[in-house]
Amino acid sequence: MANMNMIQALNSAMDIMLGKDPSVILMGEDIGYFGGVFRATEGLQRKYGEHRVIDTPIAEGGIVATAIGMSINGLRPVAEIQFADYIYPGFDQIVSELARIRYRSAGDFFAPVTIRTPCGGGIRGGQTHSQSPEGIFTHVSGIKVVMPSNPFDAKGLLITCIEDDDPVIFFEPKRLYNGPFDGDPNKPAIPWSSHPKGQVDEGYYKVPLGKADIVRSGEALTIISYGTMVHVAVAAATAMNVDAEIIDLRSLVPLDVDTICSSVRKTGRCVVAHEATRFSGFGAEILSIIQEECFWDLEAPIQRVTGWDTPYPHAFEWEYFPGQARVKAALQSVMEPA
Amino acid sequence: MANMNMIQALNSAMDIMLGKDPSVILMGEDIGYFGGVFRATEGLQRKYGEHRVIDTPIAEGGIVATAIGMSINGLRPVAEIQFADYIYPGFDQIVSELARIRYRSAGDFFAPVTIRTPCGGGIRGGQTHSQSPEGIFTHVSGIKVVMPSNPFDAKGLLITCIEDDDPVIFFEPKRLYNGPFDGDPNKPAIPWSSHPKGQVDEGYYKVPLGKADIVRSGEALTIISYGTMVHVAVAAATAMNVDAEIIDLRSLVPLDVDTICSSVRKTGRCVVAHEATRFSGFGAEILSIIQEECFWDLEAPIQRVTGWDTPYPHAFEWEYFPGQARVKAALQSVMEPA
Amino acid sequence: MPRKSRLHLPHVPARPGEKPDFSYVQLSPAGAVPRPQVNARVKDVAPLSLELVRVLDDNADAVGPWHPHLDASELQVGLRHMMLTRIYDDRMQRMQRGGKISFYIRSLGEEAVSVAQGMALRPSDMLFPSYRNQGLHIVRGIPLVDMMCQLLSNSKDMCKGRQLPVMYHSRANNIFTISGNLATQFPQAVGWAMAAAIKGEDNLAATWMGEGSTAEADFHYALLFASVYQAPAILNVVNNQWAISTFQGYAGGEQRSFAARGPGYGMAGIRVDGNDFLAVYSVTQWAAERARTGGGPTLIEHVTYRGAAHSTSDDPARYRAKDDAEHWPLGDPILRLKAHLIKTGEWSEERHQALTAELEALVGSSWKQAVTFGTMSEGPKLNADLMFEDVFKDMPENLQRQQALMRKEQS
Amino acid sequence: MPRKSRLHLPHVPARPGEKPDFSYVQLSPAGAVPRPQVNARVKDVAPLSLELVRVLDDNADAVGPWHPHLDASELQVGLRHMMLTRIYDDRMQRMQRGGKISFYIRSLGEEAVSVAQGMALRPSDMLFPSYRNQGLHIVRGIPLVDMMCQLLSNSKDMCKGRQLPVMYHSRANNIFTISGNLATQFPQAVGWAMAAAIKGEDNLAATWMGEGSTAEADFHYALLFASVYQAPAILNVVNNQWAISTFQGYAGGEQRSFAARGPGYGMAGIRVDGNDFLAVYSVTQWAAERARTGGGPTLIEHVTYRGAAHSTSDDPARYRAKDDAEHWPLGDPILRLKAHLIKTGEWSEERHQALTAELEALVGSSWKQAVTFGTMSEGPKLNADLMFEDVFKDMPENLQRQQALMRKEQS
Ligand SMILES: Cc1ncc(C[n+]2csc(CCOP(=O)(O)OP(=O)(O)O)c2C)c(N)n1
Ligand SMILES: Cc1ncc(C[n+]2csc(CCOP(=O)(O)OP(=O)(O)O)c2C)c(N)n1
Ligand SMILES: [Mg+2]
Ligand SMILES: [Mg+2]
């Protein structure tokens, strides 16, 4: 066990997989010699060579497309898209190709590509360095979608994704790279070393997809979240001291419906929280499933806590971000007696 | 008034706007000399010239991008994407640019571009000529999303979209081009001339965005739908003779929440139907809004009727398509007494 | 508009009612274009992208430095493959017209491209075709019955009913699954080639698209990545002059050849007579040897003509001159190779007729066999349960549920 | 891997610890490259895409056919704009270091590109810049205070707080809003130019991107549509050799110049000394006249060097050789124009120092004025209600509700 921040944990996962499996390669913009704009691949090119940790042209569509071709030729590419905001030029190759190759070839071909990309706000990145587009990809049949909330999960999930024979988009909440974040930008930043999930096994281990993590169990209500909002939810529930059960989905596709529904059946009250915009966001799918599965158990309408239905403005980052105030308001309203 | 199928109605809308406003131009693959693979622009190049009805290279991204540039220079481009399945190469220009130009320039620039594209299955097009990706675009702040279900609305809505100063994606359910379709492929096809909404005013008129159409009012339950599924819903409700109120959304963004909620408050029971895949489809947003707004009025869980969470297979088109059987099963279950 | 438009629109030489006009096609005499060393530098081979490499002249003689000097037996095999491709296309077209299959795409007039290239490459080279390369499948020996079963989406369909007709694939024969989305295969092929290089293997990747498809971003990505990493890939643009109703000028062909894009990206570009079996074979050999010896990628533009409708959903009478294919200056690939073989005493009308009859019989018997595995109307049918498989490697819980609901619905 | 990789990787001449090496940069002597007629055919101007157009020689003399023969007064204005750009950059960089603004991007060493081109174009020509073209805004007379208020996202910010610093725009001065997404402006500019042609107007569109951005699909779309419709557009690739840490070879520059993409798409391509004010002005004049007279688009590659870090978030010491900018063979654009003016007796050290002082004072006083409209820490602040405006022309009901909720949250 060692203290790692999320960047170090991700780096460790890729280091281990490069060492373990000669078919694993890394590719992306500025990831090689430089080690990535967020340093996630630092030192790996020096260790494994320019031919396995490959700098690419600035062409997200070309990166995804060539990664697909490599995977058809027996490699397991891990492609970095520098910011999730820049994944859209690769959208056609992801939706029309990566997601469908196994299906359209009746399983004769498959593309084990992992796409890593930093998402979310909180670093004053403005509207083009803060997006959370995960919801869009959950609507695409054939792609798995993952988002960790801490270093331990990040490493174990990334190793699982690299070994998975299906394509995966692995979203990294960049605000969590250096430490947990409770939603209050005015508090001094705290490092992962102060958090239990900052204790990371240095060796090879996996965290399964489709298995949500019950961060905190409780009886009064259920909070379902993933990524940065897990920490905001914990802080808000603690501050209000409500006996909340807090679930970290970890993987959105596949989705751990059982854990979600058994919790809501128990509590009868539920808040769904994510940073992405509200309208047609992934929260809507979670809410819909609960409504369909647990209708008779619900004692109050499920509330969504989300970013607003606007781009993420540079000057109003904290008015946009769904912080503790927004979470608390939702907790209040689901606790109101019927 | 004249009998028009949906193609003729769309053609009439574009014809009228080309004649009325010199800044309107049409562009797209095979739309000019040929008149479009579905004939929607037939005759318009001959009438208005090659400089206003423009054939383009096969580059959806280039079509959207140049349309944006034209709109910044005072034109109102109506761009056709030959199939909605092929809109993804233009995704970045739509999401990162078209949707945000007004916002990021604080209103100093705006891009009145209308993107027309045929969607949906039912013509044996297989997985790449049958998709319904509308849900994805409803998650993108800054874009309006429209889908008509009949010739009269198609014409009035398209004229409204072309005159709208915000960008719009206009989805055309291609199975409805030549006639209404109740979901049964074995019945002989019936023409629009047999349907009241096939009666179309030959002149200029508008159908507003954000105003749903109550196709049929009823007391027992509410069916919310759009596009092809409106007709399937009517047929299923009639066959079961349930006193269903059937709502045709017409525009998904903006969404007519009032009409939806007042109906559900009245009936207490609701089915949401669309052809697109279920997981994170637009149905989830509708369901979520109803759950949030009408929770205490609901007497049964809202049911979603959708395509399956798979691509649209060539051989199993009718097993995939959400036909009357699937609608009826949902109607059954929402009618079950609590 | 107040003022007159100054927008330039590409010239389309002949529309319906006008007489075919191919004066825009720049030709070089057979044998006229020099053949550089396979390891020549890009700037020294640049002229190849504007000339037209031809071997078979108008007297059916094979001339010049690109003459591949193949054994007659090989040429006879090539002729057979081209004839089979065409006979197969004709029959399948008729089957579609007869309502037996939902859709079909012919390669009429373009047979030399797929057949000559398929023969010039190694079986271990990976192919990323478009929907108009059936010749490749035939060269690689995919049984006609298997191809027909795909067209029928029947119980023996290699795609399990998921793909439109003609979207074949063959893992065993190194042919990648065809996409309905244009151009996507191009950069995938380059990625495959990059992986071959990374693994130190000397197989190459070859891929095909039409000239209209070069407008897509994936064409650009493919050329860029192939050039940057000097990937062992052969990128083929089949310029059959039309993209459905859109003339090649709208893809940029009016200003410059498509082959010229190659040198623009720093790679070899060759413009070849796509209806000349020997020329296509020869340039492919050149590009393959160049790729295998570390010389990097080559872009090949095959100048040919779409002899038929775009597909069974299309009617070219609406947008191009009648009988234009007959006026195509580069003739018909089958007739040209046939004439050459006859002139060299390696073939005869009799043998040609006999072979035609043999191949028609083969196609006919294959069809009879294929339909025993089911048609659109009669069984055996694929089980609709298959709809839910292969979305993921293992079927997730929500798909299992949906599968059960579907069963209930169907019963 | 069992076998050794054969994948080619572009050569990077000098990394940290190595001494700068610019031997890879292909130079032509000043005055050596002929100047074709503006209406010359593409194939006749093709050599321009491989040569390097230069006017200012090493003795600070202006020589050769591309000499634009501008009045000294114009050159002095150009010098002033370049100096102001650099002084503005330096000060804003310091403001970012001091925590006054969140982010900044300098154009150190590239000032001639924006300033000379801005001056060579008409005010009615539409500009689609990247984030490193501040010189354009300065040439077009955008008040420094307005630019600074954008950097501060303060109450006078033209973007109402929505954009990162440096993402300026000016409707009144025909400068389009800058995007954080690379390359998207290129085909938009072509669309704007197509519209100008459709409307019969003779304005043109000019756009800029870095060499690294040419890898994006939008670069391809722009060249293709510009070529097909012969759009009156000037497409500028600013090759400053680096894309953050990625050397230009990874964008394709190792195999061929970026200007050479132009002829590949059938349009004029010119490679110019980007640090030579006179050369940049002259090729821009040529391209503009060509576009206005119906000669179609031109692709211009400006060969220059990124003198500073990519942005305030970047540290080039991690990936490139120390002091490399000082070894750049094409020198510094300001020093070169200054030397030329002094040599021609139109400038002096004294005047230069005086002007420097004047511009520093101007920037300083502008900053003082800008901060009165608010800073990141002190007010006046923008009203957060603005977050919900301009998503659509009229604020829809759901955004009005969210706006109300946000107000409640903040109170
Ligand atoms: C991304 C995408 N856009 C549009 C289409 C519709 N489409 C199918 S074939 C075709 C024309 C292709 O022409 P070309 O590339 O020249 O190939 P050819 O058919 O001539 O062999 C078009 C526009 C598509 N399949 N995919
Ligand atoms: C689509 C997209 N991908 C990646 C990025 C991240 N990014 C910002 S600047 C940059 C480098 C651009 O280099 P270049 O085009 O050469 O311009 P320069 O900065 O040298 O002026 C990158 C990769 C982005 N902004 N947009
Ligand atoms: Mg073609
Ligand atoms: Mg650069």
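Every chain is numbered from 1 and lettered A, B, ... according to where its sequence line falls, protein lines coming before strand lines.
- Heavy atoms closer than 4.5 Å to chain D are found in the backbone of Ala251(C), but not in its side chain.
- Aromatic ring orientation, Phe219(C) versus His220(D): tilted (interplanar angle from 30° to 60°).
- Comparing Lys43(C), Arg41(C), Glu201(C) by heavy-atom pairs within less than 4.5 Å of chain D, the highest count is held by Glu201(C).
- Options Met267(D), Gln230(D), Met194(D) differ in how many heavy-atom pairs under 4.5 Å they form with chain C, and the most are formed by Gln230(D).
- With a 4.5 Å cut-off on side-chain heavy atoms, Phe186(D) and Glu216(D) do not count as touching.
- Between Arg15(C) and Asp324(C) there is no salt bridge, since none of the side-chain N atoms of the basic residue sits less than 4.0 Å from a carboxylate O of the acidic one.
- Considering only heavy-atom pairs separated by less than 4.5 Å from chain C, the leading option among Gly294(D), Gly264(D), Ser227(D) is Gly264(D).
- If you check the side chains of Thr184(C) and Asp218(C), you find no donor sitting under 3.5 Å from an acceptor.
- Note that Arg261(D) lies in the cation-pi zone of Tyr265(C), set by a 6.0 Å cut-off to the ring centre and a 45° limit from the axis.
- Judged purely by atom type and a 3.5 angstrom limit, Glu254(C) uses its side chain to pair as donor or acceptor with the backbone of His11(C).
- When heavy atoms are compared at a cutoff of 4.5 Å, Tyr221(D) approaches chain C solely by way of its side chain, counted from C-beta outward.
- Contact tally against chain C (heavy-atom pairs below 4.5 Å) for Gly266(D), Ala215(D), Ala197(D): the top residue is Ala197(D).
- By number of non-hydrogen pairs under 4.5 angstrom with chain D, the leading residue of Thr214(C), Leu223(C), Asp202(C), Val228(C) is Val228(C).
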